[in-house]
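Each ligand, and each atom within it, is numbered from 1 in the order the structure gives. Source: prediction; values computed, not measured.
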Amino acid sequence: MKIIGTGKALPALRVSNDMLAEFLDTSDEWIRTRTGIKERRLLSDEDLFDLSRIAANEALIDAGISASDIDYMICSNVANNYVTPSLSCILQGLIHAECPCIDINGACSGFIYALDIAESFLKTKDDINNILIVCAEEPSRFTNWNERDTSVLFGDGAGAVVLTKGDDLLAMQLSSQSKVEPLYYQRNLEKTPYNKKPEGNAPLVMHGKDVYKLAVSSSVLDINSIFKSANISADDVDYFLLHQANIRIIDAIRQQLEQPEVKFPHNIENYGNTSSASIPILLDELHKSGKIEEGDVLLLSAFGAGFTTGACALRWSLS
Ligand code: ACO
């Protein structure tokens with residue numbers, strides 16, 4: 001595979017930590033020092049379909065192709081208004097694409113899982129040349145806004161990439177462990193006359209310290225495994241694009257890898273944790289600002305509910 005275009009879309013509404021402190025028992029100081037977040041963007045008038053469409057169209061324009069050139073579309077999403085049809089099917093109509101569409105839910109690791117699926121398709125299917133991945137998330141709709149624990153951590157957003165056949169992928173590493181308790185969101189299904197079992201309905205539940213420890217240890221493991229399979233060292237990597245969950249998690253991983261801060265770009269201060277959209281949004285910003293150069297080695301690493309993790313290394317070559 002090879003990435004030939006990127007895009008992103010964020011809601012217009014900026015919500016600062018101080019704005020949250022108006023109705024939650026929290027403070028700018030607590031949020032900034034514990035997470036690195038200064039503000040986040042939250043959906044208000046727009047919806048997730050708008051964000052998905054804008055991010056997708058930006059990526060298509062950047063790639064220099066039109067929606068009709070897309071042979072397969074993958075959306076990564078944890079939850080949106082529709083359980084069915086999939087977000088990708090809805091988006092297909094909005095951008096006027098004609099191709100098979102599928103959604104995946106790998107929580108915050110979804111982008112890496114989507115890249116892995118795309119790589120397999122591009123490698124094995126002659127009729128698939130261009131794949132559009134859109135990671136679109138609205139975690140603000142599944143956190144509990146009466147509690148300070150999770151609502152302050154997340155933001156909404158969408159990131160997209162267009163991929164074509166190429167040799168830019170150096171290594172891929174995925175893992176999943178069935179660990180529900182540290183992080184879950186549970187919703188009620190419709191009632192039936194036959195199913196009398198008691199059922200739960202919980203906005204996002206997170207055991208922050210457990211997630212923190214799992215995130216740091218699994219990300220370091222994945223990254224070291226990537227070094228081995230790609231036959232590279234940390235020094236060969238130009239930028240580490242880590243899932244933007246918490247600046248302290250990013251820094252703990254950086255310290256274990258003994259690498260300078262400049263190699264760990266971040267935007268969590270502006271957007272909070274946008275789940276699977278966080279890495280493609282960051283990638284788009286680095287690419288469009290000219291920070292990533294031809295030939296740069298990028299190492300992407302994410303972790304999320306499941307517990308899922310994924311990392312990959314790629315050599316950046318747009319031409
Ligand atoms: N404002 C003020 N106080 C708060 C807030 C808040 N917003 N939230 C929690 N607290 C309080 C708690 O009640 C607790 O109080 P207590 O000590 O009196 O019981 C205290 O702060 C906890 O503080 P710390 O122990 O210092 O918190 P910690 O350093 O663990 O940081 C955090 C908490 C930020 C949640 C951290 O554990 C973390 O980032 N974890 C990982 C989160 C994450 O990455 N999630 C990924 C989601 S992935 C997905 O797929 C959705």
Item to check | S66/D69 under side-chain hydrogen bond (donor to acceptor under 3.5 Å, both in side chains): CA gap, chis, key distance, verdict | outcome: CA-CA 5 Å; S66 63; D69 297 319; 3.3 Å; yes
* Side-chain donor/acceptor of D71 to backbone N/O of N130, under 3.5 Å -> yes
Heavy-atom nearest pair, G36 first then I247, reads CA-CG2, 3.4 Å
Applying salt bridge (charged side-chain N to carboxylate O under 4.0 Å, His left out) to R34 and not counting sequence neighbours gives none
Expected contact list for ligand 1 at under 4.0 angstrom, heavy-atom basis, is D25, T26, W30, R34, T35, A107, C108, R148, D149, V152, F154, L183, M206, G208, K209, V211, Y212, A245, N246, R248, I249, N273, G304, A305
Contacts satisfying ring pair (Phe, Tyr, Trp, His ring centres under 6.0 Å) that involve residues 218-249 (not counting sequence neighbours) are F240-F264, H243-F303
Contacts satisfying ring pair (Phe, Tyr, Trp, His ring centres under 6.0 Å) that involve residues 155-191 (not counting sequence neighbours) are F142-Y185
